[in-house]
Amino acid sequence: MQYFIGIVPPVEYKNQITSFRNRWKHHQLNEVAEPHITVKAQGGLTEDLTWLEKVKIVCSTTQRFQLTLTEPSTFGNEVVFLGVRSKEIYDFHQLLVDTIALHQSLSNDISKWMLSILI
């Protein structure tokens, strides 16, 4: 399974996005993912979920912030998205990236250390 970290918008925005998506008969996006703002893509979010507790701590200690939605854009021919502008969301993203990288670094160091003891 692949994971990402996202923020779900308030209900009124979520409903507007869902309504927009429903204009296309053959899309299945509502079945795959609810409207969200991707804050951290999949890299480093491993299936063993060892990173999850650290991410929960970061999320619970981050203060609320506002952001601005910008113009629509696309990923290829199939994904339409709205841009997001906010210094705080970029800071939040970087904090998550750093937390996950540090966790992976520590995990890697521990496994190397344990292997060297076993030899």
Side-chain angles (χ1 to χ4, degrees):
M1 176 173 271
Q2 294 184 339
Y3 299 95
F4 69 94
I5 300 170
I7 299 172
V8 177
V11 173
E12 62 272 14
Y13 287 99
K14 191 174 167 181
N15 290 342
Q16 287 178 358
I17 294 166
T18 300
S19 176
F20 178 79
R21 287 175 169 183
N22 287 335
R23 293 180 185 180
W24 288 267
K25 293 179 185 178
H26 301 292
H27 83 86
Q28 298 176 341
L29 199 50
N30 290 332
E31 298 169 18
V32 177
E34 67 183 324
H36 64 275
I37 299 167
T38 301
V39 182
K40 168 69 182 81
Q42 299 159 344
L45 304 180
T46 56
E47 286 191 35
D48 63 12
L49 302 180
T50 55
W51 48 270
L52 187 56
E53 284 306 313
K54 301 244 187 272
V55 167
K56 285 181 180 181
I57 292 168
V58 168
C59 291
S60 68
T61 58
T62 299
Q63 293 189 358
R64 297 178 98 181
F65 54 86
Q66 293 188 342
L67 49 84
T68 302
L69 298 177
T70 63
E71 64 283 343
S73 192
T74 61
F75 290 133
N77 295 326
E78 300 197 16
V79 177
V80 176
F81 67 94
L82 295 172
V84 175
R85 191 172 327 156
S86 163
K87 179 184 179 328
E88 292 85 0
I89 201 166
Y90 291 113
D91 293 344
F92 182 49
H93 164 79
Q94 192 59 56
L95 183 58
L96 289 169
V97 168
D98 293 347
T99 298
I100 291 163
L102 178 62
H103 174 75
Q104 287 179 326
S105 173
L106 291 174
S107 295
N108 290 341
D109 288 347
I110 289 170
S111 65
K112 288 177 188 172
W113 179 75
M114 291 170 71
L115 284 174
S116 67
I117 295 293
L118 293 172
I119 293 173

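If you're wondering where the values come from, they're calculated on a predicted model, not measured in any experiment.
- Residues forming a side-chain hydrogen bond (donor to acceptor under 3.5 Å, both in side chains) with E71 (at least two apart in sequence, or on another chain): none.
- Residues V8 and I89 are members of separate hydrophobic clusters, defined by side-chain heavy-atom contacts under 4.5 angstrom among Ile, Leu, Val, Met, Phe, Trp and Tyr.
- A search for side-chain hydrogen bond (donor to acceptor under 3.5 Å, both in side chains) contacts involving H36 returns T38, not counting sequence neighbours.
- Here the side chains of W51 and L49 are in contact, with some heavy-atom distance below 4.5 Å.
- Between F92 and C59, the closest side-chain pair of non-hydrogen atoms falls below 4.5 Å.
- Applying the ring pair (Phe, Tyr, Trp, His ring centres under 6.0 Å) test to every pair with at least one member in residues 52-90, sequence neighbours left out, gives these pairs: F75-F81.
- Scanning all heavy atoms of the two residues, the minimum distance from I17 to P9 falls at CD1-CG, 4.4 Å.
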(Q) Test side chain to side chain contact (heavy atoms under 4.5 Å, CB included) on I100 and L45; report intermediate values, then the result. (A) CA-CA 8 Å; I100 291 163; L45 304 180; 3.2 Å; yes

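- Taking the side-chain hydrogen bond (donor to acceptor under 3.5 Å, both in side chains) definition, one finds that N15 meets it with nothing, sequence neighbours left out.
- Although no hydrogens or angles enter the test, the distance criterion places a donor-acceptor pair under 3.5 Å between the side chain of T70 and the main chain of G83.
- Heavy atoms from other residues, nucleotides or ligands lying under 6.0 Å from CD of E12 number more than 12.
- L96 and I57 are assigned to two separate hydrophobic clusters, defined by single-linkage of ILVMFWY side chains at heavy-atom distances under 4.5 Å.
- How far CD of E88 is from CD of Q66: 8.5 Å, rounded to the nearest 0.5 Å.
- L52 and I7 fall within a single hydrophobic cluster, where Ile, Leu, Val, Met, Phe, Trp and Tyr side chains are chained together by heavy-atom contacts under 4.5 Å.
- Looking only at side-chain heavy atoms (C-beta outward), T68 and V84 stay at 4.5 Å or farther from each other.
- In this structure, Q16 has no side-chain hydrogen bond (donor to acceptor under 3.5 Å, both in side chains) partners at least two apart in sequence or on a different chain.
- Taking 4.5 Å as the limit, some side-chain heavy atom of P35 sits within range of a side-chain heavy atom of T18.
- A search for side-chain contact (heavy atoms from CB on, under 4.5 Å) contacts involving V97 returns K40, H93, Q94, not counting sequence neighbours.
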